[in-house]
Amino acid sequence: MAKNRITFICQNCGAVHPRWEGRCDSCGEWNTLAEESEASGVGAGPGRKQRKGRVVPMELLDGDTKDSPRVETNVAELDRVTGGGFVPGSALLLGGDPGIGKSTLLMQASAALAQRGHGVVYVSGEEAVAQVRLRAQRLGVASQPVQLVAETNVENIVTTLEAGKPPALVVLDSIQTLWTDTVESAPGTVSQVRSSAQAMIRYAKQSGATIVLVGHVTKDGQIAGPRVVEHMVDAVLYFEGEAGHHFRILRTVKNRFGPTDEIGVFEMSDKGLRQVSNPSELFLGERHKAAPGAAVFAGIEGRRPVLVEIQALVAQSSLGTPRRAVVGWDSSRLAMILAVLEAHCGVRLGGHDVYLNVAGGFRIKEPAADLAVAAALVSSLANKPLTENSVYFGEVSLSGHLRPVSQAAGRLKEAGKLGFDRATYAKGSEVVKAPGLKLDTITTLADLVVELISGAAEPLRDDADAGKE
Ligand code: TYD
Ligand code: MG
């Protein structure tokens with residue numbers, strides 16, 4: 001019998017420590033060490049009992065394979081993200097902040113599958129059956145034959161599932177509440193989460209059911225508990241959204257059976273999540289025509305074109321160090337654009353406060369937004385609206401040149417579809433035909449500035465700043 005030693009395991013990174021410490025030396029997090037028993041936990045090695053293995057057959061790469069069959073949920077945005085539906089026998093991890101709508105999404109997906117005649121079991125470890133029922137009523141799906149279980153013990157769950165016909169989908173809400181008899185630590189600890197996930201994944205592989213594990217996200221955006229769960233499952237999806245906004249984005253981070261660059265867009269309403277098949281409409285909804293400082297960026301999220309409005313406000317500053325505030329974009333990227341405008345385009349913003357906002361609470365990660373940001377900044381400084389119905393995209397390099405970005409065709413097509421009639425982008429992008437759009441390709445950022453300020457309402461030079469020097 002292995003001695004039942006106690007070890008301390010960091011709940012953030014999974015590092016094993018022999019004694020308690022306030023701070024994990026491995027990841028630097030404070031107060032994350034929890035006591036776990038070594039005999040069964042992460043620190044446990046293989047058991048003492050030696051067993052002779054059996055011969056397993058080997059195969060060649062070239063053989064008969066079938067495309068993995070799919071179980072479509074008919075929630076199109078979810079099917080798009082999973083790559084065409086759930087794969088039988090696979091395990092999926094759905095992460096997201098508390099209250100973002102994970103349980104709601106899975107209840108809607110469960111109901112949709114049940115309606116199509118598939119067996120669905122919803123295991124709730126966080127809410128009582130009555131609470132889950134209330135949600136289902138609110139979503140208007142209470143009449144669907146979804147089996148509810150309020151249970152947290154893995155052995156009980158597996159025995160219950162094995163007693164009946166294998167379901168097509170098992171939802172486990174959430175992985176942090178599950179615990180197994182084989183591990184002595186408290187639920188939610190690394191060892192428990194890992195062993196419980198392992199047991200459920202084993203069940204999925206044996207029975208052919210798809211299991212969906214719900215995972216909470218820590219304050220720095222990682223799925224709480226060990227990253228190892230992410231390695232164990234076949235697909236990892238994140239459900240994210242901006243506080244105070246209704247839209248939610250479902251993103252694939254890992255997918256063994258499909259693309260990882262897909263997103264699904266939803267809107268939280270009083271009757272649950274509504275699918276948004278045309279996200280651009282959501283992020284352009286608040287657009288006021290011809291306001292100075294607003295530029296429309298033709299972006300790509302995953303593989304989908306999304307048009308977003310970028311708003312800039314450039315105002316004379318009374319502070320020694322002017323303010324730069326950014327919402328929805330990278331602030332160091334903004335500093336770079338300001339520097340390029342100053343160094344290569346003669347646009348001085350050193351004496352101005354700069355506020356940049358991406359409309360609708362959207363977050364842009366693409367460098368392709370550089371050109372639209374620069375256009376919005378110059379437009380606000382010059383107090384002159386940009387050409388109406390125009391979109392912008394292109395990456396700005398430190399030399400002031402514009403670099404072409406990928407998927408120009410997709411961006412232009414979306415712009416045309418939404419009634420835009422002009423596009424300004426980097427020269428050298430893929431050559432595309434876009435009927436109905438006036439295409440304006442430019443080589444340097446200075447070209448854009450010259451075009452924008454011809455006839456500007458106010459002089460662009462920052463005289464107040466020039467006086468200080
Ligand atoms: P929930 O699915 O419980 O979030 P999670 O499981 O990720 O913690 O969703 C909770 C939030 O969604 C809650 O703040 C209320 C809101 N909500 C709606 O706005 N409309 C609805 O129809 C439902 C069911 C929830
Ligand atoms: Mg929940």
Side-chain angles (χ1 to χ4, degrees), residues 73-75 77-78 81-82 91-115 120-144 146-152 157 169-179 187-188 192-193 196-197 200 210-225 229-230 233 235-253 263-276 282 285 360-361 363:
T73 56
N74 260 15
V75 179
E77 295 291 302
L78 177 62
V81 172
T82 50
L92 221 123
L93 180 65
L94 174 66
D97 288 328
I100 202 79
K102 300 180 293 297
S103 308
T104 308
L105 175 69
L106 290 174
M107 180 47 79
Q108 285 181 269
S110 303
L113 270 183
Q115 189 178 25
V120 181
V121 179
Y122 192 105
V123 183
S124 174
E126 293 189 343
E127 292 161 304
V129 168
Q131 277 173 296
V132 181
R133 272 199 192 125
L134 273 178
R135 175 181 297 116
Q137 274 163 16
R138 187 167 171 190
L139 298 172
V141 297
S143 59
Q144 303 306 334
V146 176
Q147 309 270 358
L148 289 183
V149 186
E151 179 56 63
T152 51
I157 294 171
L169 175 72
V170 181
V171 176
L172 296 154
D173 189 359
S174 66
I175 179 73
Q176 274 90 4
T177 56
L178 294 187
W179 59 280
Q192 277 291 4
V193 166
S196 306
M200 291 313 306
T210 302
I211 61 160
V212 178
L213 303 166
V214 175
H216 291 288
V217 160
T218 57
K219 57 184 184 306
D220 49 351
Q222 292 189 349
I223 293 180
V229 177
E230 290 195 24
V233 295
V236 180
L237 309 181
Y238 271 86
F239 204 33
E240 39 184 58
E242 211 55 51
H245 288 281
H246 290 298
F247 81 90
R248 304 278 184 266
I249 290 184
L250 186 65
R251 205 184 280 283
T252 353
V253 183
I263 60 160
V265 185
F266 296 87
E267 194 177 7
M268 184 60 98
S269 71
D270 56 346
K271 290 200 179 59
L273 291 159
R274 190 180 69 79
Q275 305 186 56
V276 179
L282 201 66
R363 248 205 99 73

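Residues take their numbers from the sequence shown, with the count starting at 1. When a ligand or atom number is given, it counts from 1 through the structure's own listing order. In this text the structure is predicted, and so the values were computed from the model without any measurement.
- Taking every heavy atom of both residues into account, Q144 and A114 meet most closely at CB-CB, 4.4 Å.
- Under 4.0 angstrom from ligand 1, there are no non-hydrogen atoms of L105.
- Ranking the protein heavy atoms by distance from atom 15 (C) of ligand 1 puts R138 NH1, 4.6 Å first.
- Defined by atom type and a distance below 3.5 Å, a donor-acceptor pair is missing between the side-chain atoms of E126 and T177.
- Protein heavy atom nearest atom 2 (O) of ligand 1, with residue, atom name and distance: T104 OG1, 2.5 Å.
- By the 3.5 Å distance cut-off applied to N or O atoms, L139 is not counted among the residues near ligand 1.
- Near S269, meaning under 4.0 Å from one of its heavy atoms, ligand 1 places the atoms 18 (C), 19 (O), 20 (N), 21 (C), 22 (O).
- For the pair S103 and ligand 1, the shortest N or O to N or O distance falls below 3.5 Å.
- Residue-ligand proximity: G96 is placed with every non-hydrogen atom at 4.0 Å or more from ligand 1.
- In plain terms, the two heavy atoms of L93 and G215 that are nearest each other are CD1-N, 4.3 Å.
- In this structure, D270 and R138 approach most closely via the heavy-atom pair O-NE, 3.5 Å.
- No N or O atom of D173 sits closer than 3.5 Å to an N or O atom of ligand 1.
- Of all protein heavy atoms, the one closest to atom 4 (O) of ligand 1 is G101 N, 3.1 Å.
- Under the 4.0 Å distance rule, the nearest protein heavy atom to atom 21 (C) of ligand 1 falls inside the cut-off.
- When atom types are taken as modelled, the side chain of K102 and the backbone of G96 share a donor-acceptor pair closer than 3.5 angstrom.
- Pairing each heavy atom of V75 with each of A109, the nearest pair is CG2-CA, 4.2 Å.
- The main-chain N or O of F239 is never found under 3.5 Å from a side-chain atom of R248 such that the two would form a donor-acceptor pair.
- Numbered from 1 in the order shown, with element, the atoms of ligand 1 that lie under 4.0 Å from a heavy atom of K271 read 22 (O).
- Side-chain atoms of E77 do not come within 3.5 Å of backbone N or O of Q275 as any donor-acceptor pair.
- Although no hydrogens or angles enter the test, the distance criterion places no donor-acceptor pair under 3.5 Å between the side chain of Q108 and the main chain of L105.
- Some N or O of G99 is nearer than 3.5 Å to an N or O of ligand 1, by distance alone.
- Using a 4.0 Å cut-off between a side-chain N of Lys or Arg and a carboxylate O of Asp or Glu, R363 and E240 do not qualify as a salt bridge.
- In terms of protein heavy-atom proximity, atom 16 (C) of ligand 1 is nearest to M268 CE, 3.9 Å.
- Contact detail for Q176 and V193: the closest heavy-atom pair is CA-CG2, 4.3 Å.
- Counting all heavy atoms, side chain and backbone alike, L169 lies closest to S110 at CD2-OG, 4.1 Å.
- With a 4.0 Å cut-off on non-hydrogen atoms, R135 touches ligand 1 through its side chain and not its backbone.
- Contact annotation: for P98 versus ligand 1, heavy atoms closer than 4.0 Å belong to the backbone alone.
- Around the Mg ion (ligand 2), protein N, O or S atoms at less than 2.8 Å number 1.
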Quick one: do M107 and L148 satisfy side-chain contact (heavy atoms from CB on, under 4.5 Å)? Show the steps, please.
-> CA-CA 11 Å; M107 180 47 79; L148 289 183; 4.3 Å; yes

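- Tested against Y122, the residues V171, V149, V170 include a single side-chain contact (heavy atoms from CB on, under 4.5 Å) partner, V171.
- The proximity of M107 to ligand 1, defined as any non-hydrogen pair under 4.0 Å, does not occur for either the backbone or the side chain.
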